[in-house]
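Note: hydrogens, waters and symmetry copies are ignored here, and every other heavy atom, side chains too, is used. The shown structure was predicted, so the numbers you read here are calculated from the model rather than taken from an experiment.
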Amino acid sequence: MPLNTDRNTPYMDAEILTLAVAAGAEIFMGALVCANAAGYVVPGTEATDLTYLGRADAHIDNTNGADGDVVVPVRYGKGFRFANSGTDPVGQALLGKPAYIVDDETVAGTDGTGTRSESGIVVGIDDAGVWIK
């Protein structure tokens, strides 16, 4: 039902999210992380069903656990510098557009003929890598 009076809508600081990790996943601090199709955090990898989340703020090992047995802090909504693919680099023309996930530290300029999920938006490119928000 739509509002018909003022509402004190609850809010949270969403810069660091504490999110459930997928079964069998090991996530290294500083890794590019994603939500898998079931909504659990996994390290970035070449796949078509991932949703970019941000950067892991801790090393978490759930290789022997079930979905959600452990959580990882994920820094969200900031720009992070990841490696630029050597074989499919992100070029200046992609500024303001999405790059694509190769692994948990690398992004590429294309979707690899339909094999990669989008990362965040390219907000900068320098000699050390690609800045993704």
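- A distance of 5.0 Å separates CG of Leu17 from CE of Met12, quoted to the nearest 0.5 Å.
- Distance check, rounded to the nearest 0.5 Å: CG of Leu32 to OH of Tyr52 gives 5.5 Å.
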side-chain contact (heavy atoms from CB on, under 4.5 Å) evaluation trace for Ile16 with Val74: CA-CA 5 Å; Ile16 299 178; Val74 174; over 6 Å; no
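- Expressed to the nearest 0.5 Å, how far CD of Glu26 lies from CG of Asp61 amounts to 4.0 Å.
- Val122 and Val107 fall within a single hydrophobic cluster, where Ile, Leu, Val, Met, Phe, Trp and Tyr are joined by side-chain heavy atoms under 4.5 Å apart, directly or via other members.
- Nearest heavy-atom pair across Val41 and Val72 is CG1-CG1, 3.9 Å.
- Considering every non-hydrogen atom in both Ala20 and Gly68, the closest pair reads CB-CA, 3.8 Å.
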Return a table of donor-acceptor pairs under 3.5 angstrom between the side chains of residues 84-102 and protein atoms on other chains or two or more places apart.
| from | atom 1 | to | atom 2 | distance (Å) |
| --- | --- | --- | --- | --- |
| Asn84 | OD1 | Val90 | N | 2.7 |
| Asn84 | ND2 | Val90 | O | 3.1 |
| Ser85 | OG | Thr87 | N | 3.3 |
| Ser85 | OG | Thr87 | OG1 | 3.4 |
| Ser85 | OG | Asp88 | N | 2.9 |
| Asp88 | OD2 | Thr110 | N | 3.3 |
| Asp88 | OD2 | Thr110 | OG1 | 2.4 |
| Asp88 | OD2 | Arg116 | NH1 | 2.7 |

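- Separating the OH atom in Tyr76 from the NZ atom in Lys133 is a distance of 9.0 Å, to the nearest 0.5 Å.
- Closest non-hydrogen pair, Asp49 versus Ser117, comes out as N-OG, 3.5 Å.
- Distance check: Ile125 CD1 to Arg81 CZ gives 13.0 Å after rounding to the nearest 0.5 Å.
- Looking at Thr106, its side chain never comes within 3.5 Å of a backbone N or O of Asp103 through a donor-acceptor pair.
- In this structure, Cys34 SG and Leu53 CG are separated by 6.5 Å, a value rounded to the nearest 0.5 Å.
- Sequence neighbours left out, the pairs with a member in residues 20-42 that pass ring pair (Phe, Tyr, Trp, His ring centres under 6.0 Å) are Phe28-His59.
- Remark: the backbone N or O of Ala66 is paired with a side-chain donor or acceptor of Asn62 at under 3.5 angstrom.
- Considering all non-hydrogen atoms of both residues, Glu15 and Asp13 come closest at N-OD1, 3.1 Å.
- The hydrophobic cluster containing Val71 does not contain Ile27, counting ILVMFWY residues as joined when their side-chain heavy atoms lie under 4.5 angstrom apart, directly or transitively.
- Under the rule for a side-chain hydrogen bond (donor to acceptor under 3.5 Å, both in side chains), the partners of Asp57 that lie at least two apart in sequence or sit in another chain are Arg55, Arg75.
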Val33 and Asp104: CA distance, side-chain angles, deciding distance, side-chain contact (heavy atoms from CB on, under 4.5 Å) verdict: CA-CA 7 Å; Val33 291; Asp104 64 354; over 6 Å; no
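- Ile121 and Val130 fall into different hydrophobic clusters, where Ile, Leu, Val, Met, Phe, Trp and Tyr are joined by side-chain heavy atoms under 4.5 Å apart, directly or via other members.
- For the pair Leu50 and Asn36, the minimum side-chain heavy-atom distance is below 4.5 Å.
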